[in-house]
Amino acid sequence: MFPNMLQLTPGQPLGPLPIMPMQAMTQQATRHARRVYVGGLPPSANEQSVATFFSHVMAAIGGNTAGPGDAVVNVYINHEKKFAFVEMRSVEEASNAMALDGIIFEGTPVKVRRPSDYNPSLAATLGPSQPNPNLNLAAVGLTPGSAGGLEGPDRIFVGGLPYYLTEPQIRELLESFGPLRGFDLVKDRETGNSKGYAFCVYNDPSVTDVACAALNGIKMGDKTLTVRRANQGAVQPKPEQEIVLQHAQQQILLQKLMFQPGALPTKVVCLTEVVTADDLKDDDEYQDIMVDMKEEGEKFGSLVKVVIPRPGPNGELLPGVGKVFLEYADTESSSRARAGMNGRKFGGSQVVAVFYPEHKFEEGVYDG
């Protein structure tokens, strides 16, 4: 059917077919575990500069395990998207390179990750999947465990994070279960804002399932956390972990920073102990209070709106009466306002200032 496929002479016995050399087969099979993704490269980067840099830093930290010579064997750069695939000589050297996440390359911190085709299960049979803990990261200005080590079967995906949460706040929540070996809050490359999800790895792998079970499904504002192993579905904790899990859930409830109403920054500040229902009944007095609160609120930043709920036509106390709501253009201004107003004396009373959920304010719900 395909006469040109093999050139044979009629009657000639079929000889040995050409086969791929064993070394080439091995290289192809291990390639996904030997390649490293490097993101956030500066425009000046090229294949040679990336290869030279990573070969140098690998040698500097003691990450070369395949003998003398350069650790990097090949580099492909996508200049438009500012990332590169760096191919190492061995699986172990690629794993050691994971510790270089955040290293400064030509004045720019770059991300060092596994490529999307990395297969953790298969890679585990080919060599170490985690960096050697004895690498001399200080030689290249890195702190062990600060950002790297976010691969392997114990990597956790944390989704559904409110966008206003800061990295320290998220870390504080996660570290309720133990120290982290690695943490990465995923951010928009253009704006630097949180995308609402993160990855982490604990120093002690035994708390991985406990943390997932305790955190998954917790409501934070109008969002619900999704917390699971990144490379597989949710895993139920073992029976012997139940007591630890109960303790962990209790610890979560004690995280005031995360769960106490009004503790997390929003653009809206709610003031109490400032006005009374009687103060708001008279139209002229109400307008004077509005002007006073607007002038006071503008001292802290860009004020968008002031809302002071009033009693109903017959004097009935509607939701929110007795509170003053200040909406700012950004959380920096609202944070200054909360800090500046909370605890101040006003008309003989001590003002209480807390952050108020933005979605409730937008919906006109003032009873929170």
Side-chain angles (χ1 to χ4, degrees), residues 160-170 172-173 191 193-194 196 218-224 253-368:
L161 292 166
Y163 298 116
Y164 53 75
L165 286 185
T166 64
E167 289 191 44
Q169 290 171 334
I170 298 170
E172 181 173 348
L173 173 66
T191 65
N193 295 329
S194 165
I218 283 181
K219 292 191 176 297
M220 301 187 71
D222 59 348
K223 291 183 175 291
T224 301
L253 295 176
L254 294 175
Q255 292 295 309
K256 292 184 179 180
L257 182 61
M258 293 296 159
F259 300 103
Q260 181 179 331
L264 296 173
T266 69
K267 296 178 184 178
V268 182
V269 176
C270 174
L271 307 177
T272 55
E273 306 301 321
V274 177
V275 295
T276 65
D278 290 335
D279 297 333
L280 305 173
K281 291 178 180 179
D282 181 83
D283 289 343
D284 291 338
E285 189 172 356
Y286 178 81
Q287 290 302 323
D288 289 341
I289 293 173
M290 285 288 290
V291 171
D292 290 342
M293 294 310 306
K294 184 174 185 295
E295 291 178 352
E296 188 66 25
E298 287 176 340
K299 295 178 181 179
F300 300 98
S302 179
L303 187 64
V304 176
K305 186 191 298 183
V306 177
V307 173
I308 306 178
R310 299 183 71 181
N314 299 319
E316 62 268 31
L317 296 180
L318 301 177
V321 172
K323 299 177 182 179
V324 175
F325 297 88
L326 306 176
E327 181 187 16
Y328 287 89
D330 50 66
T331 55
E332 288 79 8
S333 298
S334 65
S335 296
R336 287 193 295 268
R338 179 183 179 274
M341 294 187 181
N342 189 51
R344 284 176 55 180
K345 293 288 186 179
F346 188 87
S349 299
Q350 190 170 24
V351 177
V352 176
V354 298
F355 295 112
Y356 194 78
E358 293 173 12
H359 68 282
K360 282 192 173 185
F361 181 80
E362 292 169 359
E363 294 167 1
V365 178
Y366 305 126
D367 59 353

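The chain is numbered in sequence order, starting from 1. Since the structure is predicted, the reported quantities are computational estimates derived from the model, not experimental observations.
With rounding to the nearest 0.5 angstrom, the CD1 atom of Ile218 is 16.0 Å from the NZ atom of Lys223. Taking CG of Leu271 as the reference point, atom CD of Glu273 lies at 11.0 Å (rounded to 0.5 Å). To the nearest 0.5 Å, the span separating CD on Glu296 from CG on Leu303 amounts to 11.0 Å. Thr276 OG1 to Asp278 CG: the interatomic distance, rounded to the nearest 0.5 Å, is 5.0 Å. For the atom pair OG1 (Thr166) and CD (Glu172), the distance works out to 9.0 Å, reported to the nearest 0.5 Å. Taken to the nearest 0.5 Å, the CD1 atom of Ile308 stands 14.0 Å off from the NZ atom of Lys323.
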Query - Thr224 and Lys219: CA distance, side-chain angles, deciding distance, side chain to side chain donor-acceptor pair (under 3.5 Å) verdict - result: CA-CA 4 Å; Thr224 301; Lys219 292 191 176 297; 3.1 Å; yes
Query raised in the report: Which is it for Tyr328 and Ser335 under the side-chain contact (heavy atoms from CB on, under 4.5 Å) test, yes or no, and what are the steps along the way?
Result: CA-CA 9 Å; Tyr328 287 89; Ser335 296; over 6 Å; no
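Here the side chains of Val351 and Asn342 are not in contact, with every heavy-atom distance at 4.5 Å or above. Put simply, the side chain of Tyr163 does not reach to within 4.5 Å of the side chain of Asn193, judged on heavy atoms. Between Phe355 and Val269 the shortest side-chain heavy-atom distance falls below 4.5 Å. Proximity of Met341 to Phe300: side-chain heavy atoms (C-beta onward) are separated by under 4.5 Å at one or more points. Within the 4.5 Å cutoff, no side-chain heavy atoms of Val275 are placed close to those of Met293. Annotation: side chain of Gln169 is not in contact with side chain of Leu173 (no heavy-atom distance under 4.5 Å).
Taking each heavy atom of Ser302 and Ser333 in turn, the nearest pair found is N-OG, 3.5 Å. Residues Pro311 and Leu280 approach most closely at CD-CB, 3.8 Å, considering heavy atoms. Here the closest non-hydrogen pair linking Gly196 and Ser194 is N-OG, 2.9 Å. Across every non-hydrogen atom of Ala277 and Val321, the tightest pair is CB-CG1, 3.9 Å.
Not a single donor-acceptor pair under 3.5 Å links the side chain of Tyr356 to the backbone N or O of Glu327. Proximity of a side-chain donor or acceptor of Thr266 to a complementary backbone N or O of Pro357 within less than 3.5 Å is not detected.
At a threshold of 4.0 Å, the pair Arg310-Asp283 counts as salt-bridged, since one of the basic side-chain nitrogens sits closer than that to a carboxylate oxygen. A salt bridge links Lys294 to Glu298: at least one charged side-chain nitrogen sits closer than 4.0 Å to a carboxylate oxygen.
Classification of the Phe325-Tyr366 ring pair by plane angle, with boundaries at 30° and 60°, yields tilted.
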